[in-house]
Amino acid sequence: MPRFAANLTLMFTEHAFLDRFAAAADAGFRAVEFLFPYAHPPEAIGERLRRNGLTQALFNLPPGDWAAGERGIAALPGRFADLQAGVETGLLYAEATGVARLHLMAGLADHDDPEAQAAYRRSVAWAAERVGRAGLNLVLEPINARNMPGYFLDDFGAAAALIAALNLPNLKLQFDLYHCQIMHGDVTMRLRQLMPIIGHVQTASVPERHEPGTGEMNDAFLFAELDRLGYDGFVGCEYNPRAGTTEGLGWFTPYRDGGTAQ
Ligand SMILES: O=C(O)C(=O)[C@H](O)CO
Ligand SMILES: [Mg+2]
């Protein structure tokens with residue numbers, strides 16, 4: 001039975017961010033994820049988790065200037081010091097929340113540019129080693145070009161090749177089912193092939209990025225496949241509710257009160 005994590009950046013937006021933790025717990029979630037916690041003190045996030053009996057499944061390391069259009073800085077030459085500072089900030093929130101994995105975004109850069117490739121490899125290797133010393137995994141997520149034009153990490157094969165090349169025990173793949181379908185298709189076979197390096201999974205319907213079961217994929221089949229493959233991590237619900245978060249949770253009913261993955 002997959003352990004689903006409500007994505008509080010996209011779900012329960014009927015509430016202020018710090019009130020979404022209670023809303024997710026009331027809806028039956030036992031875990032949450034979000035993009036960025038940095039607008040709030042780490043203690044406030046940790047307190048909401050404890051108060052609502054929630055596990056923090058994932059969040060992203062600081063992405064640079066998101067409002068200005070940056071989507072990560074790991075592949076941007078000349079931003080290594082910012083990358084290092086961002087990892088230290090992320091680790092403060094990791095300590096407050098007990099999260100076991102952090103997502104490092106690559107940024108908008110030409111994936112064929114040797115300087116961007118070198119910057120990214122350096123950033124990933126350093127960040128993985130640094131978060132590893134705190135007992136955490138670092139996950140890398142390929143993102144499709146329709147949602148994020150120009151994103152550096154835009155291929156599952158490239159992500160898997162870098163993870164293999166660096167061969168770090170805590171460097172894993174963030175397998176977003178939504179992106180895989182859009183970029184490559186053949187989702188079940190890629191899950192089977194890449195399962196040994198998967199550190200986090202996310203779900204959303206394709207093409208609209210709404211609730212599971214509302215798009216072209218048989219999402220329930222994929223969730224059962226994760227069970228068949230022995231995946232014991234979280235599945236982040238990174239979708240935009242079609243019409244009200246709670247109203248759209250019918251898909252979740254068979255999975256409510258999932259397990260206790262860390
Ligand atoms: O874009 C996605 O799918 C993600 O999971 C990133 O972390 C946020 O954009
Ligand atoms: Mg995702």
Side-chain angles (χ1 to χ4, degrees), residues 2 4-11 13 17 31-39 56-76 83 86-87 89-90 93-94 97 99-109 111 120 123-124 127 131 136-156 158-160 171-184 187 190-191 194 197-212 215 217 219 222-223 226 231 233-241:
F4 289 99
N7 184 299
L8 301 186
T9 301
L10 300 181
M11 297 173 70
T13 53
F17 183 78
V32 295
E33 64 170 35
F34 33 73
L35 269 63
F36 312 112
Y38 308 111
Q56 185 72 45
L58 172 100
F59 56 81
N60 296 346
L61 287 162
D65 187 343
W66 187 270
E70 292 190 319
R71 292 296 181 266
I73 56 177
L76 307 186
L83 181 285
V87 168
T89 299
Y93 283 80
T97 61
V99 72
R101 59 200 65 77
L102 298 171
H103 172 214
L104 177 67
M105 295 190 73
L108 307 182
H111 62 209
Y120 187 59
S123 296
V124 170
V131 307
L136 304 178
N137 282 350
L138 188 76
V139 291
L140 307 179
E141 181 190 42
I143 295 177
N144 83 78
R146 184 162 68 229
N147 284 95
M148 211 169 278
Y151 192 70
F152 175 81
L153 191 64
D154 60 355
D155 181 88
F156 276 64
L171 181 60
K172 304 286 184 182
L173 178 69
Q174 179 167 315
F175 194 117
D176 193 325
L177 299 167
Y178 169 81
H179 292 311
C180 184
Q181 173 68 358
I182 291 170
M183 294 157 76
H184 305 299
V187 176
R190 285 180 186 269
L191 275 176
L194 297 173
I197 63 169
I198 293 177
H200 190 63
V201 172
Q202 293 174 317
T203 181
S205 72
V206 177
E208 302 300 336
R209 208 166 197 175
H210 291 319
E211 287 83 352
M217 292 198 291
D219 298 303
L222 294 173
F223 300 155
L226 288 171
Y231 175 68
F234 290 97
V235 177
C237 303
E238 194 179 31
Y239 67 81
N240 298 293

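In each ligand, atom 1 is the first atom listed, and ligand 1 is the first ligand listed.
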Tell me the protein heavy atom at minimum distance from atom 2 (C) of ligand 1, and give that distance in Å. E141 OE1, 3.2 Å
N60: numbered ligand 1 atoms lying under 4.0 Å from its heavy atoms: 6 (C), 7 (O), 8 (C)
Under 3.5 Å: donor-acceptor pair, side chain of Y231, backbone of I198: no
Candidate pair H184 and R190, rule side chain to side chain contact (heavy atoms under 4.5 Å, CB included), full reasoning: CA-CA 9 Å; H184 305 299; R190 285 180 186 269; 3.2 Å; yes
Interatomic spacing from CZ in R71 to CD1 in I143 - rounded to 0.5 Å: 9.5 Å
Considering only heavy atoms of L35, which atoms of ligand 1 have at least one such atom less than 4.0 Å away? 8 (C)
For the residue pair F59 and F34, categorise the inter-ring angle as parallel (less than 30°), tilted (30 to 60°) or perpendicular (more than 60°). parallel
Metal site the Mg ion (ligand 2), protein N/O/S atoms found under 2.8 Å: 4
So, 4.0 Å and heavy atoms of H179: is ligand 1 close enough to count as a contact? yes
P142 and L173: which non-hydrogen atoms are nearest, and at how many Å? CD-CD1, 3.7 Å
How does R71 reach ligand 1, by side chain, by backbone, by both or by neither, if only non-hydrogen atoms under 4.0 Å count? neither
With heavy atoms under 4.0 Å as the rule, classify the contact between N147 and ligand 1 as side chain, backbone, both or neither. neither
Looking at E238, which atoms of ligand 1 are within less than 4.0 Å of one of its heavy atoms? 2 (C), 3 (O), 4 (C), 5 (O), 6 (C), 8 (C)
Taking the non-hydrogen atoms of R209, is any one of them nearer than 4.0 angstrom to ligand 1? yes
How would you list, by chain and number, every residue that makes a salt bridge (charged side-chain N to carboxylate O under 4.0 Å, His left out) with E141, sequence neighbours excluded? none
Within a distance under 4.0 Å of any heavy atom of Q174, pick out the atoms of ligand 1 and give their elements. 5 (O)
Which ligand 1 atoms, with their elements, are less than 4.0 angstrom from a heavy-atom of M148? 9 (O)
In terms of side-chain heavy atoms, does D155 have a donor or acceptor partner in H111 at a distance below 3.5 Å? no
Rounded distance [0.5 Å steps], OG1 in T9 versus CZ in F17: 5.5 Å
May I ask you to check if ligand 1 and D176 share an N or O to N or O distance below 3.5 Å? yes
Given Q174, which of H179, Q202, R101 fulfils the side chain to side chain donor-acceptor pair (under 3.5 Å) condition? Q202
Steps toward side chain to side chain contact (heavy atoms under 4.5 Å, CB included) verdict (L140, Y120): CA-CA 11 Å; L140 307 179; Y120 187 59; 3.5 Å; yes
Sub-4.0 Å atoms of ligand 1 with respect to non-hydrogen atoms of I143: 1 (O)
Is the ring centre of Y239 less than 6.0 Å from the ring centre of Y178? no
Using modelled atom types and a 3.5 Å cut-off, is there a donor and acceptor pairing between side-chain atoms of Q56 and backbone atoms of L58? yes
